[in-house]
Number of protein chains: 2
Amino acid sequence: MNQHIAPETALARFAAIVGERHVVTAPGDMAPHLKEARDLYQGVARAVLKPGSTEEVAAIVRLAREARLAVVPQGGNTGLVGGQIPTGDVDAVVVSLTRLDKVREVDALTDTMTLEAGITLLKAQEVADGIDRLFPLSLASEGSCTIGGNIAANAGGTAVIAYGNTRELVLGLEVVLADGRVWHGLNKLRKDNTGYDLKDLFIGSEGTLGIVTAAVLKLFPKPRARATAMAAVPSPKAALALLTLAKAQAGQALTTFELIPRIGIDFVIRHQPGTRDPLATPSPWYVLIELSSSQERGTEELLEGLLGEAIEAGLVTDATLAASLDQRTALWSLREGLSDAQRYEGGSIKHDVSVPVAHVPDFIAEASEAVRAFMPGCRPVPFGHMGDGNIHFNVSQPEGTDKDAFIGRWDAMNDLVHAIVVNYGGSISAEHGIGRLKRHLLPGVKDPVALDLMRAIKRTLDPQGLLNPGAVL
Amino acid sequence: MNQHIAPETALARFAAIVGERHVVTAPGDMAPHLKEARDLYQGVARAVLKPGSTEEVAAIVRLAREARLAVVPQGGNTGLVGGQIPTGDVDAVVVSLTRLDKVREVDALTDTMTLEAGITLLKAQEVADGIDRLFPLSLASEGSCTIGGNIAANAGGTAVIAYGNTRELVLGLEVVLADGRVWHGLNKLRKDNTGYDLKDLFIGSEGTLGIVTAAVLKLFPKPRARATAMAAVPSPKAALALLTLAKAQAGQALTTFELIPRIGIDFVIRHQPGTRDPLATPSPWYVLIELSSSQERGTEELLEGLLGEAIEAGLVTDATLAASLDQRTALWSLREGLSDAQRYEGGSIKHDVSVPVAHVPDFIAEASEAVRAFMPGCRPVPFGHMGDGNIHFNVSQPEGTDKDAFIGRWDAMNDLVHAIVVNYGGSISAEHGIGRLKRHLLPGVKDPVALDLMRAIKRTLDPQGLLNPGAVL
C-alpha cells in the first residue's frame, strides 16, 4: 500500500483529477503563484494545481500523500509572511483555491452566507451588501485576498475593534484533512455545545492542519449612519484616554480607532497626490475615529459631543469631522496611504505587533527609544489599530543612507523590538501570522508548553507533515 | 517509574498537597459535590479535593496519574448534563475549584479582568461593575456557577445575541494539562496570530482536555440606558420577522430577544406569586425584547418606533414598554420564571436545542406536532433565545397522568425531537453541553469525521483518559 509514485506519474494523475489545463507547470504560468508582494520568497513547486471542487481538493491531497508530495494551499497570494509559498526544501505542489468561487447560500433570516474558499473578500462584502447586510472584514488587500486565505490567517483589519477578527466572523467550515477526508462542518448555528471546537483549530493554522474549502460567515445589520473625524492628540497616552472615553460614550458604535504619528501624515502628504494636512496646525499624533450606527440620526452629534468633551479634558487639541463622503474618503486616505507612502522613504523594517491596550503608549515610547539608540537617525512610524493594541511598528531608514545596509539589520532590529513586546505580554504577530518569515522566532517568544501542544496537534492531524511543511512549526 | 500507588496512600499524599482539611472523604461532606440539581446522577468518588492554587491542582493531577485515579473537575456543581459528577465506573477524585477564588488583576484600560476559576459568575459581574464595566454573561445559576465551569461548558445565557457565548468573552486561559504541566496562556491581547488557537480547544471541552484554573475575560462599556418591552406576536413566524426588523433598526443595541408561548405565561402566572398578565388580551406568543445603549437618550424612542412599525406591519398585535425598573423586573420575571413554573405542572421532558434562526418557526411547528402525535395531551412549552436559534423545547406532561410513566418516555421523545433538529442542521445541545447525559447521542448526530477528530485530540492531550472519563466521549 505504501508504494511510492514517481512525481511525474503523479502529474498525469493530478491532470485526471482537475483536468489537463488546471495543472500548471510552465514557469511563466506558475510565476504569479510563486512570488509574493514583498519579494521575500521565490517559490519552487512541481506544479500549481487548480481544483474546481472540494472533492477535487480531497483527491489531490490523497494522491499527494501517496506520491509523498507536500501540499501548499494558496488563496489570493497576498500573505505577508510567506505562508503560501513553497520554498524548495521539500518536493511540493501549490493548490490554488481560486476556482472554488461559488456562493453556496445566502440566508438573510439567519444572517449567514456560505461561501467557497476562493471567493475574494471584496466579492464577499458585495454578496452581503446585496441583501442589505454588512460583512465587516476589511483589509488593504481585499480586492485580491480570498476568504480561505483570510480564514487560514485569521485576518484582522480595521474593524476588529467592533466586530472581531476573522475567527469571530466564522460559524462553520468545510475542511479537507491531511488524510484526504472532508470534515463537513458548515454549521449555521450561533450556539452549539456538542463537543470540541474544531473550527477554531483550523482558523489561523495557515494551511498546516487542513485546507479550508468553504465557510459559513456571519452577517451584520448594515450601519445607516457613520461619523468620521481626525483628532489631533498630544501623545499616545492622550490617545489611550480618548479611547477609554470613546468606549464609555459610544459603546459598540465605536468601529474605528486608528493611531497615526505626524511623520506618517508627512509621508502620505509628500508621496500621495491629492492628500493634504487634515488640520491647520501640525500635531505630534492623530487618531482617526469612526462611529457607526443602525439609526439614521444621532451619530454625528455623538461624535461631536465626545470630541468636545475630549478637548475640554485636554486629550484632543483640535479635530475635524468629515462633512461629506469625499471628506471621509480624504481622512481615510491618510490612514490607508501609510504603508505605501513609506516605500518612497527608502527601506522599512516592519513589526506587526500587539500589546495589551493599556501598554500601547509605553511600548511605543520604549521601542522608539530603543531603535533610535540602535540606529541613530532611523525613523519610527508606529501606527495602526490602537483599539486592539495592534501597532504596526514600522521603522523607516535614516535619510541618505544605504537601503540594503539598513534592511540587513532587519533581524537585529526585530529582536530588539520583539523583546520589548514580549516584556509587555504582547504578540510578535498580531494579524499577519507566522508563515515562513517568523517561524524561527516562535521558540523564543512562545510558552514552551503551548509550542509543545501545537506540535502534538500537528502530529495528530498531519502525521506525515504533508500540509504546508515549513510554515508555522 | 510506572509503579502503582495504592489509592489509600494517594489520599495521604493528596493531603500533603492541599492540607488535611481540604481532602474531603466523609460521605456527608462529599454529598453536596456528588448530587446535582436534577437528581439524575448520584456521584461516587474516593475523595473531594479542594486545592487552593494552580500549583496544587497540577500536583493533584500528577499524583492522580501516578495512582491511576481519574480526575473530575467541578465548579459550582450547577451543570445540567452530569459533566461534573463521577459515576463510579472508574476510581475517581473530584477536584473542586471553588478555593481558587482570587481576582488576579483588573485592567480598566485594556478592558480585561483576570480571575481564578472558582470565582462565581455573580462575583465576576460585580468585579466588572466595580470599575464601571459590563461582564455580559448572565445565567439563571449565576449566584453559584463559577467562571471555570462557565468556560468548561461554554455557557450561553440571555445576552448571547449581543455579546456571544462564553467562548467570545475569553481572551486567555491558564490550564493544568493531563500530564500535570501548566499552560500559561493568560493572554490579554485582542489580536495574536502566533500559532494554533489552543484556548478554544479547552473552552467547551467540559474538563476532558485540561483543568482551567484562571482566565482573562473581556469587559465591555456599561450600557447607560435600557428599554424593555413585551410584545404580543401572532406566531413564531411573526416573531422571526420582528427579529429581522429589530436587527435592521437597532443593530448591536438589540441585547435580548426571547420567545415565550402563551402556555408559558399561563404557567408562570399560575405558580409564581405576584406575576400577572403583561397585556390586556392573551396572545398565542410573546417576545421579550430589550435594547441597550451607551447613550443616555434615544433608546426608548428607538424601541417605540420599532414596535410601532411592527404593529403597522401586522407582526405585533399589542405591546407594553416598561416605564420603570419595577415594570422591567415584572416583564423579566415572566421569562425567568418559565423553567421553575413548569415543575408545578408535573414532569417536563427537556430539549436544549438550536437550529439556524430562519428555521425556528418550522422547527417549533414540526416538533410540537410530532410530540403531540407521539403522546396526545402533552403540552409543549417551547421558549428561549430566539435571536440565537436556541429554543428550550420543554414538554410538560399531559394533565392528570402519571409523572413517572411520562418521564419514562424521555429518551423516546428526545429521539423524536432530535431527529427534527438534525434535519434542520441543528444542535442537540445548544448551551448545556454533552456531559454524561447526552454522550450516547453524539454518534447519532455528529459528523463521523468530527467525532474522529475529537477522539484523536482527546488521545493526544490525555492519552491515559485521566480527565473526566465518561464525559463527552
Side-chain angles (χ1 to χ4, degrees), chain A residues 107 109-110 154 156 160 165 168 181 183-185 188-198 200-201 203-205 221 240 244 247-252 293-295 298 302 354 356-358 388-390 425-434 442 446-447 449-450 453-454 456-457 460 472, chain B residues 107 109-110 154 156 160 165 168 181 183-185 188-198 200-201 203-205 221 240 244 247-252 293-295 298 302 354 356-358 388-390 425-434 442 446-447 449-450 453-454 456-457 460 472:
Chain A
D107 182 342
L109 290 173
T110 304
N154 184 27
V160 173
N165 297 286
E168 278 82 41
R181 288 184 302 171
W183 171 45
H184 296 283
K188 291 166 71 177
L189 306 172
R190 309 262 155 179
K191 279 183 170 178
D192 176 24
N193 277 345
T194 56
Y196 305 157
D197 177 26
L198 301 173
D200 282 301
L201 203 50
I203 299 172
S205 70
L240 179 61
T244 302
K247 287 196 280 193
Q249 296 204 353
Q252 311 254 41
S293 169
S294 295
Q295 288 100 269
L302 180 61
S354 70
V357 176
D388 319 311
N390 175 197
S427 167
I428 63 156
S429 186
E431 57 177 12
H432 297 163
I434 296 300
L442 265 198
K446 198 90 182 167
D447 178 65
V449 174
L453 286 173
M454 283 170 55
I457 288 166
T460 303
V472 186
Chain B
D107 183 343
L109 290 173
T110 305
N154 184 29
V160 174
N165 297 287
E168 278 82 41
R181 288 185 300 171
W183 170 45
H184 296 283
K188 290 167 71 176
L189 306 172
R190 309 263 156 178
K191 279 182 169 178
D192 176 24
N193 277 345
T194 57
Y196 306 155
D197 177 25
L198 301 172
D200 283 300
L201 203 51
I203 299 171
S205 70
L240 180 61
T244 303
K247 287 197 280 192
Q249 296 204 354
Q252 311 253 41
S293 169
S294 295
Q295 287 101 267
L302 181 61
S354 70
V357 177
D388 318 311
N390 176 197
S427 167
I428 63 155
S429 185
E431 57 176 13
H432 297 163
I434 295 300
L442 266 197
K446 198 90 183 166
D447 178 65
V449 174
L453 286 172
M454 282 170 56
I457 288 166
T460 302
V472 186

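Since we're looking at a predicted model, the values are computed, not measured. All chains are named by letter (A, B, ...) in the order of the sequence lines, taking the proteins before the strands, and each is independently numbered beginning at 1.
- For the set G426(B), P221(B), G425(B), S427(B), the entry with the most heavy-atom pairs within less than 4.5 Å of chain A is S427(B).
- For Q295(A), the parts lying near chain B are the backbone and the side chain together; criterion is any non-hydrogen pair under 4.5 Å.
- When the side-chain hydrogen bond (donor to acceptor under 3.5 Å, both in side chains) test is applied to S429(A), no partner is found at least two apart in sequence or on another chain.
- Contacts with chain B were tallied for A250(A), G204(A), G298(A); A250(A) has the most, counting heavy-atom pairs under 4.5 Å.
- For chain B, the nearby parts of I434(A) are the backbone and the side chain; heavy atoms of each come within less than 4.5 Å.
- Annotation: maximal heavy-atom pairing with chain B below 4.5 Å, among V357(A), V472(A), L442(A), occurs at V357(A).
- In terms of heavy-atom pairs under 4.5 angstrom with chain B, the leader among N390(A), V160(A), L240(A), D197(A) is D197(A).
- Listed here is the closest heavy atom pair of S294(A) and Q249(B): CB-O, 3.5 Å.
- The parts of I428(A) that come within reach of chain B are both its backbone and its side chain, each placing non-hydrogen atoms under 4.5 angstrom from that chain.
- The candidate with the highest count of non-hydrogen atom pairs below 4.5 Å against chain B, out of L302(A), N193(A), D200(A), D192(A), is N193(A).
- Interface residue A450(B): backbone and side-chain heavy atoms are both found under 4.5 Å from chain A.
- Qualifying salt bridge (charged side-chain N to carboxylate O under 4.0 Å, His left out) partners for D388(B), counting only residues two or more places apart in sequence or in other chains: K191(A).
- Put simply, of I203(B), L453(B), L201(B), the one with the most heavy-atom pairs under 4.5 Å next to chain A is L453(B).
- Residue contact with chain A, scored on non-hydrogen atoms closer than 4.5 Å, involves the backbone and the side chain of E431(B) alike.
- Interface residue D447(A): only side-chain heavy atoms are found under 4.5 Å from chain B.
- Contacts between N154(A) and chain B at a heavy-atom distance below 4.5 Å involve backbone atoms as well as side-chain atoms.
- Top candidate by heavy-atom pairs under 4.5 Å with chain B, chosen from L189(A), L198(A), V449(A), is L189(A).
- Proximity to chain B (any heavy atom under 4.5 Å) is shown, for A430(A), by both the backbone and the side chain.
- When the candidates S293(B), G251(B), G185(B) are compared by the number of heavy-atom contacts under 4.5 Å with chain A, G251(B) comes out ahead.
- Chain A forms more heavy-atom pairs under 4.5 Å with one residue of N165(B), T244(B), D107(B) than with any other, namely N165(B).
- Only the side chain of K446(A) comes within contact range of chain B, with heavy atoms under 4.5 Å apart.
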